[in-house]
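Working notes, structure below.
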Amino acid sequence: SVFKQEFPEFEGDFMSPDIDEKAIRAERPEDMCLAIARAKADALVPKVAKDALLVCMDQVTVCDGGVREKPESEKEAREFLE
């Protein structure tokens, strides 16, 4: 992962929560971001040791008042930039 490459001094395991982020919606982008991070935590808690520190995060991009999802193609990414 990029984190491991950039910060090799921090040891830890990186796990994928395998959730459908696009199924999680909220009216305000900041609420959606928190809801996605919470869903990631809920999915991972059963998989980590009780004494582990679990850090889950997400980001939501807003442009012209609308949430922008991750582009599904290079073409779509270029359209976002126009």
- Query: So, E82 and R78, do they make that salt bridge, N to O below 4.0 Å?
  - Reply: no
- Query: Taking everything shown except E27 itself, do over 12 heavy atoms lie less than 6.0 Å from its CD?
  - Reply: no
- Message: Check E21 with R38, please: is the shortest side-chain N to carboxylate O separation under 4.0 Å?
- Response: no
- Query: Heavy-atom distance under 4.5 Å between the side chains of P46 and L44, does that happen here?
  - Reply: no
- Note on the structure: Here the gap from C56 atom SG to D42 atom CG, rounded to the nearest 0.5 Å, amounts to 8.5 Å
- Test: E69 and R25 ion pair at under 4.0 Å: yes
- Note on the structure: When rounded to the nearest 0.5 Å, the distance separating CD of E76 from NZ of K70 is 13.0 Å
- Could you check if a side-chain atom of V60 sits within less than 4.5 angstrom of a side-chain atom of E30, using non-hydrogen atoms only? no
- Residue among L34, D58, I19 satisfying side-chain contact (heavy atoms from CB on, under 4.5 Å) with I24: I19
- Note on the structure: For K47 and S16 the tightest heavy-atom approach is NZ-O, 4.4 Å
- Item | Candidate pair L54 and V45, rule side-chain contact (heavy atoms from CB on, under 4.5 Å), full reasoning | CA-CA 8 Å; L54 177 62; V45 162; 3.7 Å; yes
- Minimum heavy-atom distance between A43 and P17, given as atom pair plus value: CB-O, 3.7 Å
- Message: Are more than 12 heavy atoms, taken from residues, nucleotides or ligands other than E74, located less than 6.0 Å from that residue's CD atom?
- Response: no
